[in-house]
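Worksheet: the structure to be examined is printed underneath.
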Amino acid sequence: MNVLVLGSGGREHALSWKIAQSKNIDQLFIAPGNPGTASLGTNVAMGVNDFDAIADFVRLNRINCVVIGPEDPLVNGLTDFLRNTSGGKDLIIVGPSKAGAALEGSKDVAKAFMARHNIPTAKYQTFTAQTLEAGYAFLETLQPPYVLKADGLAAGKGVLIIDNLPEAKTELKNMLVNAKFGNASAQVVIEEFLDGIEFSVFALTDGKYFVVLPEAKDYKRIGEGDKGLNTGGMGAISPVPFVDEKLMDKVRSQIIEPTIKGFEIENIDYQGFVFFGLIKVGDNPLVIEYNVRMGDPETEVVMPRIESDILDLFALMHKKELNTANITFSNKTATTVMVVSGGYPESYKKGMEITGLENVEGCTVFHAGTAMANEKLVTSGGRVMAFTSLGDNKEKALEQSYSAIDKIDFTGMNYRMDIGFDL
Ligand code: AMP
Ligand code: GLY
């Protein structure tokens, strides 16, 4: 198979790494990719939202399978576009239609979908600038803290959790009237605060059947002990010790099955990954959010635990035969630790030379924000590289990730020393 992976982060490097191991791979292209993916296939200078260029590339290079890494092109309708322009029905596209991607593109769409299918989630209401007063009144009926969510995509920044009522009202107005998150906050979902522990579950679905992939827990805050600003993710672990069989049975029957059934009932064309952002409250799982793609850095721990050939799974997905998939996982624990630029998630410098990578062993390094400059590897983003290890337990895996990180250096380098501290 000729495969095109779209995206340029650690997630796409990990997906490409897994695809490159398939017995079915012929040519692997990554657009735009990064210096890490360049060692697995051919990087192509093409943006993930450049639909025409992607469609031409798919035709010219006889691509059989397109894997869409990030949410943006999905929400913008790339899957529908490719289906109509290149490859027709034979092209395997990993990533849902625009209608499916709206589950991530609009929090209101996601909440309404969950309500229609009785999927457990926080109570909510949605408001616009015209219904600001009703929004204030709804806030008054809730207990603090108050959860305000911009309806649309806001690069992971659109959720505010606020301790007191006056400030919550002010922020609601900022979002609705003063466009705090631009058009993304033209609608705001206000929801009940859920107190529990979060985890992520992933499924690959063909729209009718699904396989559940290894679950993971990510660490979003910049600081140790889960303190400080939110980031794209500072590390992840899989499996998650508190996610036992009993909890997974509930996730499956109360959340995954009704979600996939919902796609069928509502005729939503969905082939690809579903990322269930979950929270365990007492003994029960609830949905915090849906994402319509894999997580980053969760992919960097999920892919290494999948033993099955991923292109076989994608082919079964395309044929709507995932019920026949025989997927196996490693029992080992996978950990990933993200090395970031000093200052991130606020402003940081780029172009710092990264040294010592040749000395790393016993660890897989997935590139996220790196670039080549004058034949040197340099930083080019906030999250720079993810250090993934597999071990008999989380302590052993983490030890490998951390001793690998000790071998590398760049000016301003930062990472969390306490990934997995709460498990
Ligand atoms: P989201 O973008 O919906 O995943 O929200 C970002 C983060 O805000 C989540 O990962 C949670 O930590 C937190 N969060 C969102 N909704 C709630 C809620 N209803 N109760 C408690 N925390 C929440
Ligand atoms: N790690 C969270 C996400 O990918 O959205």
Side-chain angles (χ1 to χ4, degrees), residues 7 9-12 14-15 68-72 74-75 101 103-111 114 120-126 138-139 142-163 168 175 181 184-185 188-202 213 215-222 226-238 240 273-281 284-303 336-338 340 345 366 368 382-383 386 419 422:
R11 168 181 49 213
E12 287 75 22
L15 285 166
I68 305 173
E71 61 275 18
D72 236 55
L74 291 166
V75 171
L103 287 182
E104 178 166 358
S106 163
K107 305 251 185 220
D108 179 61
V109 166
K111 297 295 282 192
M114 287 185 259
T121 187
K123 282 203 291 281
Y124 83 107
Q125 282 189 33
T126 304
F138 184 59
L139 282 172
L142 298 175
Q143 297 298 312
Y146 304 94
V147 182
L148 307 182
K149 300 185 172 186
D151 177 60
L153 292 183
K157 298 193 171 74
V159 176
L160 302 180
I161 297 182
I162 299 169
D163 285 327
M175 290 169 89
F181 299 106
S185 62
V188 172
V189 169
I190 301 180
E191 63 180 47
E192 161 200 29
F193 179 82
L194 299 174
D195 194 7
I197 182 159
E198 288 177 62
F199 62 108
S200 306
V201 170
F202 304 90
L213 307 179
E215 80 283 358
K217 183 167 198 316
D218 80 335
Y219 292 82
K220 288 203 174 81
R221 303 297 192 93
I222 186 69
D226 283 341
K227 303 263 161 41
L229 294 173
N230 254 320
T231 70
M234 297 294 289
I237 293 200
S238 174
V240 182
F273 296 108
V274 192
F275 168 160
F276 300 87
L278 305 178
I279 188 164
K280 178 179 178 244
V281 179
N284 293 313
L286 287 91
V287 178
I288 292 260
E289 64 166 349
Y290 286 117
N291 294 310
V292 298
R293 39 138 185 118
M294 285 300 292
D296 195 353
E298 291 93 333
T299 311
E300 290 93 307
V301 290
V302 171
M303 288 302 138
T336 198
V337 179
M338 190 66 79
V340 305
F366 294 118
R383 294 194 293 172
I419 298 307
D422 55 336

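Numbering of ligands and ligand atoms starts at 1, following listing order.
For a threshold of 3.5 Å applied to N or O pairs, the pair formed by E289 and ligand 2 contains no separation below that value. Backbone and side-chain nitrogen or oxygen atoms of K220 are examined, and none is located within less than 3.5 angstrom of a nitrogen or oxygen of ligand 2.
For R11, the closest heavy-atom approach to ligand 2 does not fall below 4.0 Å. Under a 4.0 angstrom heavy-atom cut-off, G232 registers as being in contact with ligand 2.
Y146 and D163 form no side-chain donor-acceptor contact under 3.5 Å, judged by distance and modelled atom types alone. No side-chain N or O of T126 forms a donor-acceptor pair with one of K111 less than 3.5 Å apart.
A salt bridge links R383 with D296: the closest approach of a Lys/Arg side-chain nitrogen to an acidic carboxylate oxygen falls below 4.0 angstrom. With respect to D218 and K220, a salt bridge is recorded, a charged nitrogen being found less than 4.0 Å from a carboxylate O. K107 and E191 are not joined by a salt bridge, as no carboxylate oxygen comes within less than 4.0 angstrom of a charged side-chain nitrogen.
Within ligand 2, the atoms closer than 4.0 Å to a non-hydrogen atom of G295 are 4 (O), numbered from 1 in the order shown.
Side-chain atoms of E104 come within 3.5 Å of backbone atoms of V292 as a donor-acceptor pair (strictly under, hydrogens ignored). With hydrogens and angles disregarded, a donor-acceptor distance shorter than 3.5 Å links the side chain of D151 to the backbone of D108.
Contacts with ligand 2 closer than 4.0 Å are made by side-chain heavy atoms of R293 only, the backbone lying farther away.
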Pair F202, F273 - check ring pair (Phe, Tyr, Trp, His ring centres under 6.0 Å), show working. CA-CA 7 Å; F202 304 90; F273 296 108; 8.1 Å; no
Using side-chain hydrogen bond (donor to acceptor under 3.5 Å, both in side chains), reason through K217 and S200 one step at a time and then give a plain yes or no. CA-CA 6 Å; K217 183 167 198 316; S200 306; over 6 Å; no
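Within 4.0 Å of ligand 1, protein heavy atoms come from K107, A122, V147, K149, V159, I161, E191, E192, F193, L194, E198, K220, I288, E289.
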